[in-house]
Amino acid sequence: MITEKLNVWKYESAMKKLLLVEDEPIMAVLTKQQLEQNGYIVLHCSTGEEAIERISNYSENIDLVLMDINLGNGIEGTEAAKQILKKVDIPILFLSSHTESEIVEKTERITSYGYVVKNSGFFVLNASIKMAFRLYEAKLREIEKESALKQSEERFHNLFERAPLGYQSLDENGFFIEANQAWMEMLGYERDDVIGKWFGDFLEDGQVDLFRERFPLFKRNGCVVTEFAMKHKDGTIRNIAFNGRIGYKNDGSFEKTHCILRDNTETRAAGKKLEQANERLQIILNSIDAFIYIADMQSYELLFINDYGLKNWGENITGKICYKELQGFDKPCPFCTNKYLLNADGTPSGVYRWEFQNTKNGCWYEIIDRAIKWTDDRVVRMEIAVDITDKKQSEIITKNQLKEKEILLKEVHHRIKNSINSIDSLLQIQLADTANEEVKRILNDSVSRVAGMKLVYEKLLITEDYSVLSVKEYVSDLAEAIIRLYSKSVKIIKEIDDFEISVKKIFPLGAIVNELVTNSLKYAFVENLEPLIEIFLKKNEDKIFLKIRDNGKGYPEEAKNSKMQVECLGLTLIRLFTEQLGGTYRFENENGASCTIDFSL
């Protein structure tokens, strides 16, 4: 409202509207003419009552009242002025023929916009009117300033009281002038407990002298950032951080302090716990017999190296670049594992394990790398490297020893095979040199049995693993070799699963196959024109099932007799080898001879 009125006067100064209150008609007409000739809009009334009524009518927008004191039979001008000012703030300039001091003083107690003696001339009147306007405008401006200041103070007070951080103000002796609600809540006090009290009374006993030292420095320097241990009303100690500045008067002298407070108790406690946790972690890392370091994944700066790493590396390289110090490179290592340690979104992905021979010291390390959050929240690489140089050297020695043993074992197998070949050749020579059919039968059986052993060593010489052999390949080749030995035209059907079996079990298994196939070739096909031998060898988990049958005349009944089996060498061998395998056997006639063997691996 005040600003609007000021703006109206600023832009419409030539259009001021005056209310002339004068009961003498001639004086009223003359004064009105003079004013209107000088750019004023003039309204006239002759009584105080009419003036009050017209002023009350806000639609007329009167800017100033020229008020005569003696107004005839009605109320006097001074009384009318009092009543007008109760309704509206408007400049009133008294216009009267009275020059008595008591009259002038009476008008000054009502308003202070001036007093003009009638017949002083229009120049005096006009100057007085302009002065009254200037005084009123100055008053409005002052009111506007006071209003703005009041609003500012209200806003400040609201912010002051509602601020989430504590605020306090001290005088030059350290006594409280002000403290906000957040301060009270922070330390548990009421306002009456604080205002006017000395700041040192709220400090932990050991901190009072510290405040006496710091407060003069604060006043001299004009600002401070510090921390004090303050007493909560409940007796506990709170760590309070201060950020303060000095407020000065217009003449530059000290007025009061302005300090913002923040309770750091929990932060300090958390920081202490973190510090303790870091200390414990360092103790753990320093107790591990492995090279452990932390490196920034962007700058490659070494942020931490444990005691083992420092001792074994021979110098403190913390703060230096990892690829330069650890590998002797002038740029990041081509085998750097950083790319394996982060997900696409930059978060740690997990553990990466590898082995590596260091390019600088030649040692072998078994390494575990992982991306972790560092104390400042950046992602860094932690590497744990265990020296396995001795292990690697042992592995090399062991590998060389194994290679030598493999060569030796292969040579042994070769010599055994040669020895078996020599035995086979001697048996073949003896077989060709004898005419006795019984001796020939015995020698043939021996040659057949030797063939089974010879085939095992032939297979061992071409395999990489000397502990196991392929059953399908061995049994199939053995059966074919036996048939060739007896020069028989026999159809053979083989259904053999492909699996491996230990050499320890392959010998008795081969011997059983040899005895059963040989038995069929020797005795089954006396009159059969289409001889057939079937070999079934199946594996079910760890159970082995072997069945060999022919379409010959079958076993004689006495062959199933246990006494006969003892007396017959071939059947005795089948029984013994089956027992060696830890299995069972049975002989049956199924349109020919059939033998079934069951055992476990």
Side-chain angles (χ1 to χ4, degrees), residues 1-3 6 89 138-272:
M1 183 73 180
I2 295 169
T3 303
L6 284 170
D89 182 20
K139 175 185 176 183
L140 291 180
R141 291 190 183 281
E142 190 63 30
I143 292 173
E144 184 180 33
K145 288 181 182 178
E146 291 177 357
S147 176
L149 179 61
K150 183 177 180 181
Q151 291 176 359
S152 176
E153 289 176 346
E154 287 176 354
R155 286 195 298 269
F156 173 76
H157 188 267
N158 288 334
L159 289 172
F160 170 79
E161 284 299 327
R162 297 173 185 174
L165 296 176
Y167 168 85
Q168 71 177 39
S169 179
L170 305 180
D171 66 16
E172 61 181 342
N173 295 314
F175 287 85
F176 277 94
I177 298 173
E178 190 57 85
N180 69 350
Q181 186 60 32
W183 192 103
M184 305 298 172
E185 293 173 358
M186 188 184 299
L187 293 167
Y189 295 97
E190 298 295 331
R191 188 174 182 81
D192 291 341
D193 299 331
V194 179
I195 304 305
K197 303 297 191 303
W198 187 54
F199 178 75
D201 294 338
F202 296 89
L203 296 178
E204 187 183 31
D205 293 343
Q207 299 257 295
V208 175
D209 289 341
L210 186 62
F211 170 66
R212 294 183 192 276
E213 294 174 7
R214 289 181 180 175
F215 193 58
L217 294 174
F218 175 24
K219 291 189 291 182
R220 184 162 60 248
N221 295 333
C223 61
V224 69
V225 176
T226 188
E227 185 172 304
F228 284 108
M230 298 188 69
K231 294 184 287 189
H232 193 279
K233 192 172 184 177
D234 63 10
T236 60
I237 300 299
R238 312 296 293 179
N239 294 302
I240 308 299
F242 288 78
N243 192 322
R245 292 192 176 277
I246 299 298
Y248 299 97
K249 297 177 182 178
N250 291 335
D251 60 4
S253 62
F254 178 96
E255 182 179 22
K256 58 183 176 181
T257 69
H258 299 284
C259 289
I260 298 297
L261 288 70
R262 183 179 65 254
D263 191 341
N264 277 351
T265 306
E266 280 72 26
T267 304
R268 174 71 69 86
K272 190 172 183 180

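The analysis underlying the following values was restricted to heavy atoms, covering all of them including side chains, and did not include hydrogens, waters or symmetry mates. Quantities reported herein were computed from a predicted structural model and do not represent experimental measurements.
Aromatic ring pairs are classed by plane angle as parallel below 30°, tilted from 30° to 60° and perpendicular above 60°; the pair Phe211 and Phe215 is tilted. Between Phe175 and Trp198, the ring-plane angle classifies as tilted under the 30° and 60° cut-offs.
With respect to Phe176, the ring-ring contact (aromatic ring centres under 6.0 Å, His included) criterion is satisfied by exactly one of Tyr167, Tyr189, Trp183: Trp183.
Between Phe199 and Cys259, the closest side-chain pair of non-hydrogen atoms is not below 4.5 Å. Between Asp251 and Tyr248 there is no side-chain heavy-atom pair separated by less than 4.5 Å. A 4.5 Å side-chain heavy-atom check between Leu203 and Met230 finds at least one atom pair inside the cut-off.
Residue Arg245 comes nearest to Cys223 through the heavy atom pair NH1-CB, 3.6 Å, listed as atom of the first residue, atom of the second, then distance. Across Ile195 and Ala179, no two heavy atoms sit closer than the pair CD1-N, 3.8 Å.
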- From CA spacing to verdict: side chain to side chain contact (heavy atoms under 4.5 Å, CB included), Leu187, Phe202: CA-CA 9 Å; Leu187 293 167; Phe202 296 89; 5.7 Å; no
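For residues 212-228, every residue pair satisfying the salt bridge (Lys or Arg N to Asp or Glu O under 4.0 Å) rule, not counting sequence neighbours, is listed here: Asp209-Arg212, Glu227-Arg268. Pairs of residues two or more places apart, or lying in two chains, that qualify as salt bridge (Lys or Arg N to Asp or Glu O under 4.0 Å) and include a residue from residues 229-239 are Asp193-Lys233, Arg238-Asp263, Arg238-Glu266.
From Glu178, atom CD reaches atom OG1 of Thr257 across 11.5 Å, with rounding to the nearest 0.5 Å.
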